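Below is one structure; the comments refer to it alone.
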Amino acid sequence: MEPRARAGKNVGKMNFGHNELAQLLYSHGDARLPLNETVRVLDEVLTDFIQGVSFEATRAAHHAGRQKVKFEDFEFAMRRNPRFMGKIQEVFEKKKEIEAARKNFDVEDQWMKDAEREEKEKADREREKAGGGGGGDGAGERQVDRMDIGEEDLEDGLDDDLEGDADVVSAIRRR
């Protein structure tokens, strides 16, 4: 079916937002607030252009025996206009660059996560060796600290008063 025959169902309706088209016109040198007729005509022109190119790309895909339209089909549809063809290729090259950058970023992020995990595992192994394999729940470490406090209390001759315990705790923290 020819694109112009299908365009009849959208007569009187805008396919793009008024604000978007007004900004597009302003960026290309029109007034900040363009006339409504100007925006309506631009909408029609853009709609006809997109429908025409899509129709040609669909026809190329159908001729090749495919139901899905690929990038090559749009290249084929634009083959007669080198400016459009160059712009399309530029956009897809940029897309590939962005995807490659995202992939590199993901790889670097994964390296960081792996390094952090390895450091954590190494620290856990060292704790298990130092604590005599106390299960890794930290209970063995707490008992060792309490035992150290008790031994220091005996060596220093401190009584079980609160001040002596506070001095021992601060001494342990300094280590």
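Quick caveat: nothing in here was measured; it's all calculated off a predicted structure.
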**Asked** With ring centroids as reference points, do Phe92 and Phe74 lie under 6.0 angstrom apart?
**Response** no
**Request:** Under the side chain to side chain donor-acceptor pair (under 3.5 Å) rule, collect the residues that match up with Asp30, sequence neighbours excluded.
**Result:** none
**Item:** Asp73: partners by side chain to side chain donor-acceptor pair (under 3.5 Å), with sequence neighbours left out
**Value:** Arg66
Sub-4.5 Å side-chain heavy-atom contact between [X] and [Y]:
{"X": "Glu75", "Y": "Phe71", "value": "yes"}
{"X": "Met14", "Y": "Thr47", "value": "no"}
{"X": "Lys120", "Y": "Arg117", "value": "no"}

**Request:** Salt-bridge test for Arg40 and Glu44: reply yes if a basic N is under 4.0 Å from a carboxylate O, no otherwise.
**Result:** yes
**Message:** To the closest 0.5 Å, what do you measure between NZ (Lys95) and CD (Glu99)?
**Reply:** 5.0 Å
**Complete:** Rounded to the nearest 0.5 Å, the CG atom of Leu21 sits from the OG1 atom of Thr38 at a distance of 11.0 Å
**Sidechain-backbone polar pair: Arg127 side chain, Asp124 backbone, donor-acceptor under 3.5 Å** = no
**Message:** Please check this pair: side chain of Asp43 against backbone of Phe16, looking for a donor-acceptor N/O pair closer than 3.5 Å.
**Reply:** yes
Joint cluster assignment, [X] & [Y], ILVMFWY side-chain distance < 4.5 Å:
{"X": "Leu35", "Y": "Leu42", "value": "no"}
{"X": "Val69", "Y": "Phe76", "value": "no"}
{"X": "Phe49", "Y": "Val41", "value": "no"}

**Complete:** Apart from Ile98 itself, members of its ILVMFWY cluster (side-chain separation under 4.5 Å) are none
